[in-house]
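Below, chain A is the first sequence line, B the second, and so on; all start at residue 1.
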There are 2 protein chains.
Amino acid sequence: MLSDVMEDYLKAIYVIESESGPPVATSEIAERVDKTAPTVTSMLETLEDRGMVTREKYKGTELTAEGRTVAIEVIRHHRLLETYLAEHLDYSWDEVHEEADALEHHISEEFERRVAEVLDEPQADPHGDPIPSAELEPPTGGPTVPLSACESGDRIVVARVSDRRDEDLAYLADAGITPGTTISVRDVAPFGMVTVGVGDDEQSLPESVAASIHVTPADHADEANADEVHAGEADSDEVHADEANADEADPDATGAGA
Amino acid sequence: MLSDVMEDYLKAIYVIESESGPPVATSEIAERVDKTAPTVTSMLETLEDRGMVTREKYKGTELTAEGRTVAIEVIRHHRLLETYLAEHLDYSWDEVHEEADALEHHISEEFERRVAEVLDEPQADPHGDPIPSAELEPPTGGPTVPLSACESGDRIVVARVSDRRDEDLAYLADAGITPGTTISVRDVAPFGMVTVGVGDDEQSLPESVAASIHVTPADHADEANADEVHAGEADSDEVHADEANADEADPDATGAGA
DNA sequence: CTTTTGAATTAGACACATCTAATTCTGTTC
DNA sequence: GAACAGAATTAGATGTGTCTAATTCAAAAG
């Protein structure tokens, strides 16, 4: 059996791989799990022994198929829990993350099944992140772009919001911006804040807040509900995102922000 | 912060104190938590340093007020979870224990509050054990006696069923005997099996199964529902239990079988 | 090709929870 | 009251996950 801690490392590696592709740097993992680099090195050795990762010394680390499956299962637990807490225990979308982090390692397969069943196999959690299926294939969120890659005049719908920073979530909850919210982009300052229209209001979002929002275009007559933003639609192709912020690029579309 | 493991020790000590009163023997704790005696000794030293227990070397251990409060909180978590799983996630009463054991250390205060709220501050879990209040005072189950202390002809209602042994729970679930079930005692073999009537059936319960059942008399016109067996009633006095099985006595009535 | 620099690893230590084996204590039996 | 039996503790070791300090490496810059 893998410990909770090992699962946390695997989850972190999975997320980083999803965002920037393998191989994953030790320092990146260290930052995510909030441990020192030597600690991470030694854990990576353990995980390698357990067949969860492969690595090249001084180069980087990559998940094995097995390690990836474990990571996806943890993420499924996390997102099912977030969704359950929001829908059945009256948690708001900016409160669920911490609780889910604490519980995700301790629920049984049976619990997972039953939660998924009462939720009717949900496709996305309250942050808009896609929930991996019970078969644990890598979830593919629909194509989305960072809000910062939009340009003035765009009408877009919020697809997902990073669950990493509590302050930003609270800010957005307060601003009435949640997955599914349709907004108009008024102004995008390079590397800076983004001014948007939400309903009748106009809001200026600080950079860190803007960076946590990913969006899809609001056009294709698809004003459907937020839970379906990530559903099918493998057809819809890339949203225009001129190369101004190419360094901030987004090779994921796998929605791994656990 | 106390570790999960420490909480498990405190819970075990609390249960033993409830069953046999302090001081608690190291070997008893060792058996409950399934560790060796030296391991327990060293943990008890730690818990003493933390102010959770007091002890006299070679004699025994006792919870401090603080240790007791921690234990009661863990037990509250456990029983709220058991109840929630049974009522909202379709678990049967003999499945809930293991899941609750895994989760009880990891839920937040907030989670505890919300679960208690949606359950409407339940008084007893699916096994019939009383759920400590949010104020964490020691729960007092109403007076109950072991089934083995009854005699032929008694009509009684099952108050609670030990959650310690899965096999016995499954047996009882199969036999249709759950908290709230009214049964007639046909025959009590000294130190042996108990024959009872349940509805129209007659059943012979093996000793271990009979030992896990605690009952109250079915008389006082109180055919109320099982959840209220433990409610108020500090008035009703001791049930007749002649001293045949006095060694198997039951000084608890605090319902500590977490 | 050498140097530099920042990242990664190795070295060595520590806290925690656990074990087995050896010792010490307590309460009981003769 | 001496001896014994059983329980508890002490002694010493192990595995895991973590740290800081020292070293080694690789990739970039000269």
Check side chain to side chain contact (heavy atoms under 4.5 Å, CB included) between [X] and all other residues, then give those that pass, not counting sequence neighbours.
X      : answer
A:A173 : A:W93, A:D94
B:E73  : B:H77, B:E109, B:E112, B:L136
A:Y171 : A:L205, A:P206, A:V209
A:S27  : A:A25

I need the [atom1]-[atom2] distance between [X] and [N], as an integer number of Å.
X     : N      : atom1 : atom2 : value
B:L47 : C:dC16 : CG    : C1'   : 13 Å
A:K35 : D:dT20 : NZ    : C1'   : 16 Å
B:M43 : C:dA15 : CE    : P     : 16 Å
A:R50 : D:dG15 : CZ    : C1'   : 11 Å
B:E7  : C:dA17 : CD    : P     : 12 Å
A:E31 : C:dG6  : CD    : P     : 18 Å

Atom pairs, protein N/O to nucleotides 3-5 of chain D N/O, distance under 3.5 Å:
none

ring-ring contact (aromatic ring centres under 6.0 Å, His included) with A:H105: which residues, sequence neighbours excluded?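 Scan of A:H105 (ring-ring contact (aromatic ring centres under 6.0 Å, His included), adjacent residues dropped) gives none.
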Counterpart residues, ring-ring contact (aromatic ring centres under 6.0 Å, His included), relative to B:Y9 (two or more places apart):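 Residues passing ring-ring contact (aromatic ring centres under 6.0 Å, His included) with B:Y9: none at all.
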How is B:S3 classified with respect to the nucleic acid when contacts are heavy atoms under 4.0 Å: base, sugar-phosphate, or nothing?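 B:S3: backbone/sugar contact only, no base atoms under 4.0 Å.
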Using the 3.5 Å cut-off, write out each protein N or O paired with an N or O of nucleotides 12-14 of chain C and the distance between them.
none

Pair A:R114 + B:E99, salt bridge at N-O below 4.0 Å: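 The answer is no: the pair does not qualify as a salt bridge.
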Decide, yes or no, whether a salt bridge links B:E104 with B:R76 under the criterion of side-chain N to carboxylate O below 4.0 Å.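 No, this pair does not count.
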Filter on side chain to side chain donor-acceptor pair (under 3.5 Å), then keep only pairs touching residues 42-54 of chain B, sequence neighbours left out; what's left?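 For residues 42-54 of chain B: B:E48-B:R55.
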Sequence neighbours left out, what passes salt bridge (charged side-chain N to carboxylate O under 4.0 Å, His left out) with B:R165? Give chain and number order.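 Testing B:R165 for salt bridge (charged side-chain N to carboxylate O under 4.0 Å, His left out), a comparison that skips the adjacent residues, returns B:E167, B:D168.
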For A:R68, all residues meeting salt bridge (charged side-chain N to carboxylate O under 4.0 Å, His left out), sequence neighbours excluded: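 For A:R68, the residues satisfying salt bridge (charged side-chain N to carboxylate O under 4.0 Å, His left out) (neighbours in sequence not counted) are A:E17.
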Which nucleotide in the set D:dT20, C:dT18, D:dT18 lies at the smallest distance from any side-chain heavy atom of A:T36?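 My answer, after comparing the listed nucleotides, is D:dT20.
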Please write out each protein N/O paired with an N/O of nucleotides 6-9 of chain D under 3.5 Å, distance rounded to 0.1 Å.
{"unit_1": "D:dA8", "atom_1": "OP1", "unit_2": "B:T26", "atom_2": "N", "d": "3.3"}
{"unit_1": "D:dA8", "atom_1": "OP2", "unit_2": "B:S27", "atom_2": "N", "d": "3.1"}
{"unit_1": "D:dA8", "atom_1": "OP2", "unit_2": "B:S27", "atom_2": "OG", "d": "3.0"}
{"unit_1": "D:dT9", "atom_1": "OP1", "unit_2": "B:R55", "atom_2": "NH1", "d": "3.0"}
{"unit_1": "D:dT9", "atom_1": "OP2", "unit_2": "B:T26", "atom_2": "OG1", "d": "3.2"}
{"unit_1": "D:dT9", "atom_1": "OP2", "unit_2": "B:T41", "atom_2": "OG1", "d": "2.5"}
{"unit_1": "D:dT9", "atom_1": "O4'", "unit_2": "B:Y58", "atom_2": "OH", "d": "3.4"}

Check this one for me: any side-chain N or O of A:Y9 less than 4.0 Å away from OP1 or OP2 of D:dT16?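 No.
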